[in-house]
Amino acid sequence: MKLRGLYAITDSHLLDGKLLKYVEAALEGGVTLLQYRDKSSDDARRLREAEALRELCERYKTQLIINDDAELAARLNVGVHLGQTDGPLTPARALLGRQAIIGSTCHAQLELAEQAAKEGASYVAFGRFFNSNTKPGAPTCSLELLDQARKQLHLPICAIGGITLDNAAPLVAHGVDLLAVVHGLFGAESTAEVTRRARAFNELFSI
Ligand SMILES: Cc1ncc(COP(=O)(O)OP(=O)(O)O)c(N)n1
Ligand SMILES: Cc1nc(C(=O)O)sc1CCOP(=O)(O)O
Ligand SMILES: [Mg+2]
């Protein structure tokens with residue numbers, strides 16, 4: 001499966017009370033990967049919501065990725081995204097199997113991406129590119145790094161951090177395969193607007 005297009009990421013505060021409704025609206029517009037990102041320690045709720053999202057994703061033939069938690073990903077037989085402090089990639093690959101999608105946060109460091117590739121990552125994520133509502137303190141990353149990454153790496157490249165329809169086009173022009181978006185997608189006032197935004201993000205890849 002080609003990892004290219006919109007990578008929608010949920011946020012438990014932004015989507016409080018409307019998670020499934022807004023995610024389905026995004027799926028209607030087209031989503032390549034959907035990440036369930038809930039930083040709480042409410043394991044029962046996380047399991048329940050992740051199961052519901054898996055069902056939705058199956059219906060729309062979209063791949064579900066769990067943030068941070070390889071055990072939960074294994075339980076649901078879906079992918080995982082791991083940051084630099086979320087545990088090593090090699091055991092996650094052993095746990096989830098060869099087919100699973102495993103992503104790695106590499107901030108603005110090509111060496112981290114090279115290492116992630118060696119350890120079996122399916123894609124590498126660089127960021128943050130712009131001011132982020134969701135994670136304002138994340139380290140910053142430049143478009144120049146993307147040019148270098150495109151030359152050096154043979155894995156899909158994901159960009160994250162403050163991405164909106166107004167600023168995403170240069171990222172795609174600099175070789176990004178996946179646009180990972182929270183607020184720029186789910187910060188919309190209505191489900192119709194979420195669907196419109198998802199379609200518009202995907203159209204950036206067909207120009
Ligand atoms: C696609 C994608 N890229 C980067 C991140 C950030 O991961 P991490 O650094 O582990 O931070 P948290 O998201 O866990 O707060 C991500 N989740 N997804
Ligand atoms: C979860 C996350 N990680 C980042 C990184 O740079 O590693 S930026 C970020 C937040 C992405 O949300 P928004 O699209 O609302 O900015
Ligand atoms: Mg993490």
Side-chain angles (χ1 to χ4, degrees), residues 3-16 19 22-23 26 31-41 46 50 53 62-73 78-89 92 100-110 112-113 115-117 119 121-143 145-146 149 153 155-172 176-189 193-194 197-198 200-201 204:
L3 294 184
R4 191 166 161 81
L6 174 61
Y7 186 169
I9 303 185
T10 69
D11 179 279
S12 41
H13 305 291
L14 189 61
L15 295 177
D16 189 20
L19 176 69
Y22 266 47
V23 166
V31 172
T32 300
L33 298 179
L34 176 80
Q35 182 183 126
Y36 176 56
R37 181 172 180 273
D38 179 330
K39 304 297 286 185
S40 81
S41 51
R46 283 160 46 77
L53 290 177
T62 293
Q63 302 276 338
L64 178 63
I65 309 292
I66 305 290
N67 189 41
D68 292 342
D69 190 343
E71 300 288 333
L72 179 57
V78 298
V80 71
H81 183 93
L82 297 175
Q84 291 299 318
T85 57
D86 297 326
L89 292 170
I101 297 174
I102 301 183
S104 172
T105 299
C106 300
H107 303 297
Q109 296 177 51
L110 287 171
L112 291 178
Q115 187 61 30
E119 291 176 11
S122 315
Y123 68 84
V124 289
F126 296 105
R128 79 185 146 87
F129 284 92
F130 307 105
N131 292 332
S132 169
N133 281 306
T134 310
K135 201 162 180 179
T140 56
C141 187
S142 68
L143 288 176
L145 179 120
L146 288 176
L153 301 168
L155 278 184
I157 293 173
C158 172
I160 189 167
I163 298 171
T164 67
L165 283 169
D166 292 332
N167 62 26
L171 296 168
V172 179
V176 159
D177 299 290
L178 291 161
L179 292 169
V181 189
V182 181
H183 209 271
L185 177 68
F186 290 123
E189 286 297 323
E193 176 61 8
V194 173
R197 289 184 188 185
F201 274 116
L204 295 172

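Each ligand, and each atom within it, is numbered from 1 in the order the structure gives. Throughout, numbering of the chain's residues begins at 1 and tracks the sequence. Computed from heavy atoms alone, side chains included, the values below leave out hydrogens, waters and symmetry copies.
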Residue T134 vicinity, atoms of ligand 2 by number, heavy atom under 4.0 Å: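 Near T134, meaning under 4.0 Å from one of its heavy atoms, ligand 2 has 10 (C), 12 (O), 13 (P), 15 (O).
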Within-shell test, G162 vs ligand 2, heavy atom, strictly < 4.0 Å: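 G162: in contact with ligand 2 (<4.0 Å).
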Tell me the protein heavy atom at minimum distance from [atom], and give that distance in Å.
| atom | value |
| --- | --- |
| atom 17 (N) of ligand 1 | Q35 OE1, 3.0 Å |
| atom 6 (C) of ligand 1 | T105 OG1, 3.3 Å |
| atom 1 (C) of ligand 1 | Y7 CE1, 3.4 Å |
| atom 2 (C) of ligand 1 | H81 CE1, 3.3 Å |
| atom 11 (O) of ligand 1 | K135 NZ, 2.8 Å |
| atom 5 (C) of ligand 2 | I160 CG2, 3.6 Å |
| atom 13 (O) of ligand 1 | R37 NE, 2.7 Å |

Residue portion contacting ligand 1 (non-hydrogen atoms closer than 4.0 Å) for T85: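 Neither part.
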Region of D68 that comes within reach of ligand 1 [heavy atoms, distance under 4.0 Å]: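 Contact part for D68 vs ligand 1: side chain (C-beta onward).
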Contact check: S132 vs ligand 2, nitrogen or oxygen atoms, below 3.5 angstrom: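 By distance alone, the answer is yes.
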Nearest neighbour of atom 1 (C) of ligand 2 from the list H81, R37, H183, on a heavy-atom basis: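 Looking at heavy atoms only, the winner is R37.
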Which N, O or S atom of D86 lies nearest to the Mg ion (ligand 3), by name: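 Nearest to the Mg ion (ligand 3) within D86's N, O and S set: OD2.
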